[in-house]
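Reviewing the structure listed below.
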Amino acid sequence: DAGVIQSPRHEVTEMGQEVTLRCKPISGHDYLFWYRQTMMRGLELLIYFNNNVPIDDSGMPEDRFSAKMPNASFSTLKIQPSEPRDSAVYFCASGPWGRQGNTIYFGEGSWLTVV
Amino acid sequence: AQKVTQAQTEISVVEKEDVTLDCVYETRDTTYYLFWYKQPPSGELVFLIRRNSFDEQNEISGRYSWNFQKSTSSFNFTITASQVVDSAVYFCALSEATGGFKTIFGAGTRLFVKA
C-alpha cells in the first residue's frame with residue numbers, strides 16, 4: 001500500500017506569497033493530521049480531520065493558515081501571506097480510527113523556506 | 001491536558017553500548033496509547049511501537065525494547081548494542097482515547113552513535 005504522499009517536497013518562496021501544501025492520506029484512513037516541525041517548537045499539531053471534517057484547529061498559529069479536506073483522499077494546508085517565520089517542515093499524517101490503536105503514519109514532509 | 005516529556009535532549013554513545021531513552025507522560029484518561037517514532041537524518045518519521053494503557057507488558061523487538069510503567073507514567077526505550085544506523089531523533093507520543101485521535105509528541109531525543 002502507498003504511504004502518505006505529500007507535495008511539494010521542497011518549496012522556497014518569497015515573503016508575502018501564497019503557499020499551498022498538499023497531502024494524500026493512506027486509503028481507508030479516517031483521520032488526517034497536519035504537523036509543523038521547527039527546531040524551536042518541535043513537532044506541533046496544527047489541525048486534524050475526521051472523515052473530512054476538521055475536529056481541532058487550535059494549533060493553527062494564526063489566520064494566515066487554513067486547511068481543507070474536500071474529500072477522503074486529499075487535503076491542503078495553505079499559508080497566505082507567507083512569512084519567514086513560517087519556514088519549517090510540514091508533515092501530513094493519517095490513521096485509521098478504531099484500528100491499530102490510534103497509530104498515525106507520516107508522509108515524508110514538505111520542507112518550506114520563506115525568504 | 002496531555003503532555004509528554006523527554007528530558008534528554010541529546011545522548012552520545014559509542015557503538016555497541018546500550019542506551020535508554022526516557023519518556024514521561026501526563027494524562028487524566030484511563031485509556032490512552034503511547035508511541036515511539038524514529039526520525040533519521042533523512043527526515044521522515046517512522047513508527048516504531050504502540051502500547052495501550054491496559055497492557056503493561058514490556059516488549060522486545062530485536063535490539064529494541066520498551067518498558068512501560070504506569071506507576072511512574074513512563075514509557076522508556078532501550079537500544080541494546082547500539083549501531084551507527086541507530087543515530088536519529090526519537091520521539092515519544094501520547095494519544096488519549098477521549099481526545100479523539102489527537103496525538104502529541106515530546107520534544108525528542110537526539111541519539112548519536114559513534115563508530
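Chain letters run A, B, ... following the sequence lines, proteins first, then strands; residues in each count from 1.
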Contact check, side chains of [X] and [Y], non-hydrogen atoms, under 4.5 Å:
| X | Y | value |
| --- | --- | --- |
| A/T113 | A/V115 | yes |
| B/F35 | A/T103 | yes |
| A/R9 | A/E108 | yes |
| A/F91 | B/L45 | yes |

May I ask you to check whether B/Y37 and A/F106 place their ring centers less than 6.0 Å from one another? yes
Separation between NZ (B/K38) and CG (B/L21), nearest 0.5 Å, reads 11.0 Å
I need the contact set between residues 35-44 of chain A and chain B: heavy-atom distance under 4.5 Å, sorted by residue number.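 Within residues 35-44 of chain A, the residues under 4.5 Å from chain B are A/Y35, A/Q37, A/L43.
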Those residues of residues 52-83 of chain A, ordered by number, that approach chain B below 4.5 Å (heavy atom to heavy atom): A/D56, A/S58
How close do [X] and [Y] get, counting heavy atoms only, and between which atoms?
| X | Y | value |
| --- | --- | --- |
| B/Y25 | B/Q69 | OH-O, 4.4 Å |
| B/S65 | B/I60 | CB-CG1, 3.8 Å |
| B/I49 | B/F75 | CG2-CZ, 4.0 Å |

Could you list which of residues 76-95 of chain B have a heavy atom closer than 4.5 Å to any heavy atom of chain A, in residue-number order? B/F91, B/S95
B/Q6 versus chain A, the contacting section by heavy-atom distance below 4.5 Å: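 Neither part.
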Flag the pair B/E15 and B/K114 as a salt bridge only when some basic side-chain nitrogen lies within less than 4.0 angstrom of an acidic carboxylate oxygen.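 The answer is no: the pair does not qualify as a salt bridge.
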B/E59/B/R51 ion pair, N-O < 4.0 Å: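 A salt bridge links B/E59 with B/R51.
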Any side-chain donor near an acceptor of the partner, A/T13 and A/E11, under 3.5 Å: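 Side-chain D/A pair, A/T13 to A/E11: absent.
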Determine whether the side chains of A/R22 and A/S7 contain a donor N or O and an acceptor N or O closer than 3.5 Å.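 Judged by distance alone, the side chains do not pair up.
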Does any pair with a residue in residues 8-95 of chain A pass disulfide bond (SG atoms under 2.5 Å apart), and if so which ones, sequence neighbours excluded?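 Counting only pairs at least two positions apart or across chains, the disulfide bond (SG atoms under 2.5 Å apart) contacts touching residues 8-95 of chain A are A/C23-A/C92.
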Quick check on the interface: out of B/I104, B/N52, B/T103, who has the most heavy-atom pairs with chain A under 4.5 Å?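 Of the options given, most contacts go to B/T103.
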